[in-house]
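So the structure is just underneath, and the comments pick up after that.
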Amino acid sequence: MSSFFLNDDAPWHELGDGIRRKIVGHTPELMSVLVQFDKGAIGTPHTHDAHDQIAYVIAGRFECEVGGERCVLKPGDAFVAPRLTRHGVVALDDGATLLDQFSPRRDDYL
């Protein structure tokens, strides 16, 4: 993996259901991933057994649920989901984008 992430050179990886991602970078202990959503796309509520996650809103708005608590987040806002904490999102705007941070790295994304 390069030491530099050049957004214009990195293609989106389509995940289906109006969601796509780009891996920004990673080490064994940390990973950054851009995730972009079409309006209404759902990041289905789930938990991670082995990963802590912070999701920072880059663009658009999201209705988020973390540990049973709901909040609408806008650019500059974030949520923290420690491992084993149920979390999910619904994109309220087209092109809504999160910068997800995982510790340790999500090897299943590679």
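Residue numbers start at 1 and run along the sequence shown.
- Scanning all heavy atoms of the two residues, the minimum distance from Asp94 to Asp38 falls at OD1-CA, 3.4 Å.
- A salt bridge links Arg83 to Asp52: one of the charged nitrogens lies within less than 4.0 Å of a carboxylate oxygen.
- Ala59 and Gly95 get closest at one heavy-atom pair: CB-O, 4.0 Å.
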- request: Could you check Leu34 against Gln36 for side-chain contact (heavy atoms from CB on, under 4.5 Å), going step by step and ending with a plain yes or no?
  value: CA-CA 7 Å; Leu34 285 168; Gln36 188 177 72; over 6 Å; no
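- Separating the NE2 atom in His46 from the CZ atom in Arg86 is a distance of 9.5 Å, to the nearest 0.5 Å.
- Of all non-hydrogen atoms in Gly67 and Thr85, the two that sit nearest each other are N-CG2, 3.8 Å.
- Following chains of ILVMFWY side-chain contacts shorter than 4.5 Å, one can reach Leu110 starting from Leu15, so the two form part of one hydrophobic cluster.
- Arg106 has its side chain out of reach of Asp100: every pair of non-hydrogen atoms, C-beta onward, lies at least 4.5 Å apart.
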message: Could you go through Val35 and Ile19, starting from their C-alpha distance and side-chain angles, then the distance that decides it, and tell me whether this counts as side-chain contact (heavy atoms from CB on, under 4.5 Å)?
response: CA-CA 7 Å; Val35 187; Ile19 303 172; 3.7 Å; yes
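- Looking only at side-chain heavy atoms (C-beta outward), Ile23 and His13 stay at 4.5 Å or farther from each other.
- Hydrophobic clustering places Val57 together with Val33 (ILVMFWY residues linked when any side-chain heavy atoms are closer than 4.5 Å, directly or through intermediates).
- Between Pro104 and His51, the closest heavy-atom pair is O-CD2, 2.9 Å.
- Residues Phe62 and Phe37 bring their aromatic ring centres within 6.0 Å.
- More than 12 heavy atoms of other shown residues, nucleotides or ligands fall within 6.0 angstrom of atom CD in Glu14.
- Remark: Asn7 CG to Trp12 CH2 distance equals 7.0 Å, nearest 0.5 Å.
- Heavy atoms from other residues, nucleotides or ligands lying under 6.0 Å from CG of Asp17 number 12 at most.
- The pair Arg61-Asp77 does not count as a salt bridge, with every side-chain nitrogen at least 4.0 angstrom from each carboxylate oxygen.
- We find the CZ-NE2 distance between Phe79 and His87 to be 5.5 Å, quoted to the nearest 0.5 Å.
- Scanning both residues, Leu98 and Ile58, for their nearest heavy atoms gives C-CG1, 4.3 Å.
- Annotation: the span from Thr47 atom OG1 to Gln53 atom CD amounts to 11.0 Å, rounded to 0.5 Å.
- The backbone N or O of Leu30 lies less than 3.5 Å from no partner atom in the side chain of Ser103, so there is not a single donor-acceptor pair.
- Nearest heavy-atom pair across Val89 and Cys64 is CG1-SG, 3.7 Å.
- Contact annotation: the side chain of Tyr109 approaches that of Arg21 to within less than 4.5 Å [non-hydrogen atoms, C-beta and beyond].
- Taking the ring centroids of His48 and Phe102, they lie under the 6.0 Å cut-off.
- Proximity of Leu84 to Asp49: side-chain heavy atoms (C-beta onward) are separated by under 4.5 Å at one or more points.
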